[in-house]
**Student:** 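Please find one structure pasted underneath; my questions will follow.
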Amino acid sequence: MTKYAFFQGRIVPIEQAKVSIMTHTFNYGTGAFAGIRGYWNAEQEQLYVFRILDHYRRFLNSGKFLLAQVDYTPEQLAEVTVELLAKEGWQQDCYIRPLLYKADEVIGVRLHNLRDEVAIFSLPFGKYIQDEEGAKVCTSSWRRVDDTAIPARGKLIGSYINSALIKSEAMLNGFDEAIVLNQDGHVAEGSAENLFMVRNGVLITTPVHSNILEGITRRTIMQLAREELDIPVVVRTIDRSELYVADEAFFCGTGVQIVAIASVDHRPVGTGRMGPITQRIRDLYFRIVRGQEPKFMDWLTPIPKLAAVS
Ligand code: PMP
């Protein structure tokens, strides 16, 4: 059970981290958020947080779309998070949820002349999609929110209605997840994850102008494929029908981690089982996030044991 939150500038018991129903963001969705994972390494008895500064940089960038005025730097938010997690003392994998919200209790849709607040909480977290080695996926009947409507490169609270429509439709129709297309019919991403496919040994993902969230896991995988695994990476527009004939496909994201796609719209992807390239990337990714690859320790922030912090 979560015991603490960062709220109104300090760490407080979670019961005290409450906002009024009149809060602007609660009424209009005018906020931003982040999702960061902490990984417990049982052998080392150590919790590691993955790419925390990259997450906070994107978090503050999301605030720019909202004309948010907050004084925190990514480094300060990382520091607060370390303190929060040290107090919380998770000895298991966890998820960290920073929120940036318009705290004024007023009626009136706008972004300017409103007070912005940052809050952070964490909770234990396991799998996001149950079948990580063979997700059944459909193409959504919804379209991805367009940059000309709500920028998908911001992690903006209101725009997750789009993700929720996509996810619930997929699950209620018996799928694990959906791929969503842009207005022009090309592939964007999943409801809350980026997408890769493999064709003829080449790893392919959609470009940042395809209405995607510029994922930190996506960036991680592109770097690992190119620099560590010798797998060529191409960033280009993807057609829906290419997924039907791809050799492999997978979702990636902080929450979903790396999930192999077994089928798209009832067509098996490749053999219908996790392919060798997905497997290699996944194995390396999980070793890195759990602190088992010395070369990549820079991406990890160790959380000190409470005795070590005053
Ligand atoms: N796309 C969307 C819509 C998401 O919500 C997420 C999860 N944050 C991602 C992609 C993956 O981003 P990241 O790897 O930074 O978690």
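Both ligands and their constituent atoms are indexed starting at 1 by order of listing.
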**Student:** Are F121 and Y4 an aromatic pair, judged by ring center distance below 6.0 Å?
**Tutor:**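 Not close enough - the centres of the two rings lie 6.0 Å or further apart.
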**Student:** Is it true that F59 and H55 have ring centroids separated by less than 6.0 Å?
**Tutor:**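 For F59 and H55, the ring centres are not under 6.0 Å apart.
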**Student:** So Y101 and F7, would you call those rings parallel, tilted or perpendicular, with 30° and 60° as cut-offs?
**Tutor:**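 Geometry flag for F7 against Y101: parallel rings.
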**Student:** From the options R290, R37, K127, select the one residue that forms a side-chain hydrogen bond (donor to acceptor under 3.5 Å, both in side chains) with D93.
**Tutor:**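 Answer after filtering R290, R37, K127: R290.
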**Student:** Can you spot which of I157, L111, I107 makes a side-chain contact (heavy atoms from CB on, under 4.5 Å) with Y28?
**Tutor:**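 When I157, L111, I107 are each tested with Y28, the side-chain contact (heavy atoms from CB on, under 4.5 Å) holds only for I107.
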**Student:** Pick out the protein N or O atoms lying less than 3.5 Å from any N or O of ligand 1, and list each pair with its distance.
**Tutor:**
| unit_1 | atom_1 | unit_2 | atom_2 | d |
| --- | --- | --- | --- | --- |
| ligand 1 | 1 (N) | E189 | OE1 | 2.7 |
| ligand 1 | 5 (O) | K155 | NZ | 3.2 |
| ligand 1 | 5 (O) | Y160 | OH | 2.5 |
| ligand 1 | 8 (N) | K155 | NZ | 2.9 |
| ligand 1 | 14 (O) | I216 | N | 3.3 |
| ligand 1 | 14 (O) | T217 | N | 2.9 |
| ligand 1 | 14 (O) | T217 | OG1 | 2.5 |
| ligand 1 | 15 (O) | R58 | NH1 | 2.7 |
| ligand 1 | 15 (O) | R58 | NH2 | 3.1 |
| ligand 1 | 15 (O) | I216 | N | 2.8 |
| ligand 1 | 16 (O) | T254 | N | 2.9 |
| ligand 1 | 16 (O) | T254 | OG1 | 2.6 |

**Student:** Applying salt bridge (Lys or Arg N to Asp or Glu O under 4.0 Å), name anything that partners R273, two or more places apart in sequence or on another chain.
**Tutor:**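 R273 satisfies salt bridge (Lys or Arg N to Asp or Glu O under 4.0 Å) with no residue once adjacent residues are dropped.
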